[in-house]
Amino acid sequence: GGAALFASLPAHAAFRIVYLAALVGAVLAVRNLNRLPSAPAPPAPPPRSMAGRALQLCLRRGRFRHYLALMLTGSIVSSPLAAFTIYYLKVEHGLPSSALMLFTAAQFGGQIAGTWSIRHLIDAIPLPRFFQVAVALTGAVDLFWLALLNGADALIPWLAVAYFVFGMGVDMTNVAHFTYLPELSPEEDRPITIAIFTSALGLLSGVAPML
């Protein structure tokens, strides 16, 4: 739908419709979430102890610190890819916005396919296997872009496939990540653990493309 809008309307008009649709979707999502039954809230640590506890988790040697360092490094390396590819295809190859929207749709299609393919396997196969498959998929996409940057223009017709595969890799990483994350700390520290990861990864995902 977004690709059709950008192909048939001026950019500003297409953006207005896209943002309006996003606003309507957000309102409907909040309305439906408010209708869900409430689950019992986990015990909350005293606010005064949260900063010290978060710092202790980050500095203490263990699986949490090791995994946090790995994920932050991966975020610095991988998060600029989406912004770079859009800019490169727009400026260097002159592809229209409608084509870029189709590639984005292909990436989301890959994420849906990734979730569908592992939903029955996540509890039956050792979790490291999903991380390994995800790294292999995203690594293949990185090699694809490296070849394209070195003049392999014959790969341009395969861009939608590359975006689809990248979406599968991203989704497998996310599913494995949120399955593994609760195992890294005691139950009483899980809210702080998730907060640290979410804030740190979100911050780096915004800063890394600019750097």
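We count residues from 1, following the sequence as given. As the structure is a computational prediction, the values presented were derived from the model and not from experiment.
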Same apolar cluster: L149 and L100, side chain cutoff 4.5 Å: yes

Taking V165 as the starting point, is it possible to reach W158 by hopping between hydrophobic residues whose side chains are less than 4.5 Å apart? yes

Note: with side-chain heavy atoms under 4.5 Å as the link, the other cluster members for L143 come out as none

Mind checking the OG1-CG spacing from T115 to D171? Nearest 0.5 Å is all I need. 3.0 Å

Going by chain and number, the hydrophobic cluster around L36 (ILVMFWY, side chain to side chain under 4.5 Å) further includes L33

Could I get the full list of side-chain hydrogen bond (donor to acceptor under 3.5 Å, both in side chains) partners for T173, not counting sequence neighbours? none

Atom pair CG/CG of L155 and L148 - distance to nearest 0.5 Å: 6.0 Å

Contact between V175 and F130 at the side-chain level, heavy atoms closer than 4.5 Å - yes or no? no

Quick one: pull up CZ in F164 and CG in L137 and give me the separation to the nearest 0.5 Å. 10.5 Å

Do W116 and V133 belong to the same hydrophobic cluster, where Ile, Leu, Val, Met, Phe, Trp and Tyr are linked whenever their side-chain heavy atoms lie under 4.5 Å apart, directly or via other members? no

So CG of L81 and CG of D142: to nearest 0.5 Å the spacing works out to 6.0 Å

Apart from V135 itself, residues in the same hydrophobic cluster as defined by side-chain heavy atoms under 4.5 Å: none

How are the rings of Y67 and H177 set relative to one another: parallel (under 30°), tilted (30 to 60°) or perpendicular (over 60°)? parallel

Are I86 and F103 close enough that some pair of their side-chain heavy atoms sits under 4.5 Å apart? no

Test: side-chain hydrogen bond (donor to acceptor under 3.5 Å, both in side chains). Region: residues 198-207. Which pairs qualify, not counting sequence neighbours? S75-S205

Look up atom OG in S97 and atom CG in L102, then write down how far apart they are to the nearest 0.5 Å. 11.0 Å

State, to 0.1 Å, how close A134 and M172 come at their nearest heavy-atom pair, and which atoms those are. CB-CB, 3.9 Å

Ring geometry between Y180 and F131 (parallel below 30°, tilted from 30 to 60°, perpendicular above 60°): perpendicular

Give the cluster check for Y163 versus V161: same hydrophobic cluster or not, with ILVMFWY residues linked at side-chain heavy-atom distances below 4.5 Å. yes

Within the 4.5 Å heavy-atom criterion, are F197 and L68 side-chain neighbours or not? yes

Hydrophobic cluster membership, with links at side-chain heavy-atom distances under 4.5 Å among I/L/V/M/F/W/Y: are I196 and L70 in one? no

Hey, does I156 have a side-chain heavy atom less than 4.5 Å from the side chain of L159? yes

What pairs with Y88 under ring-ring contact (aromatic ring centres under 6.0 Å, His included), at least two apart in sequence or on another chain? F84, H93

Do K90 and P96 have side-chain heavy atoms sitting under 4.5 Å apart? no

Closest approach of S79 to I76 (non-hydrogen atoms, all atoms of both residues): OG-O, 4.3 Å

Output for pair (D153 CG, E92 CD), nearest 0.5 Å, gives 10.5 Å

side-chain contact (heavy atoms from CB on, under 4.5 Å) evaluation trace for T85 with W145: CA-CA 8 Å; T85 55; W145 279 102; 3.2 Å; yes

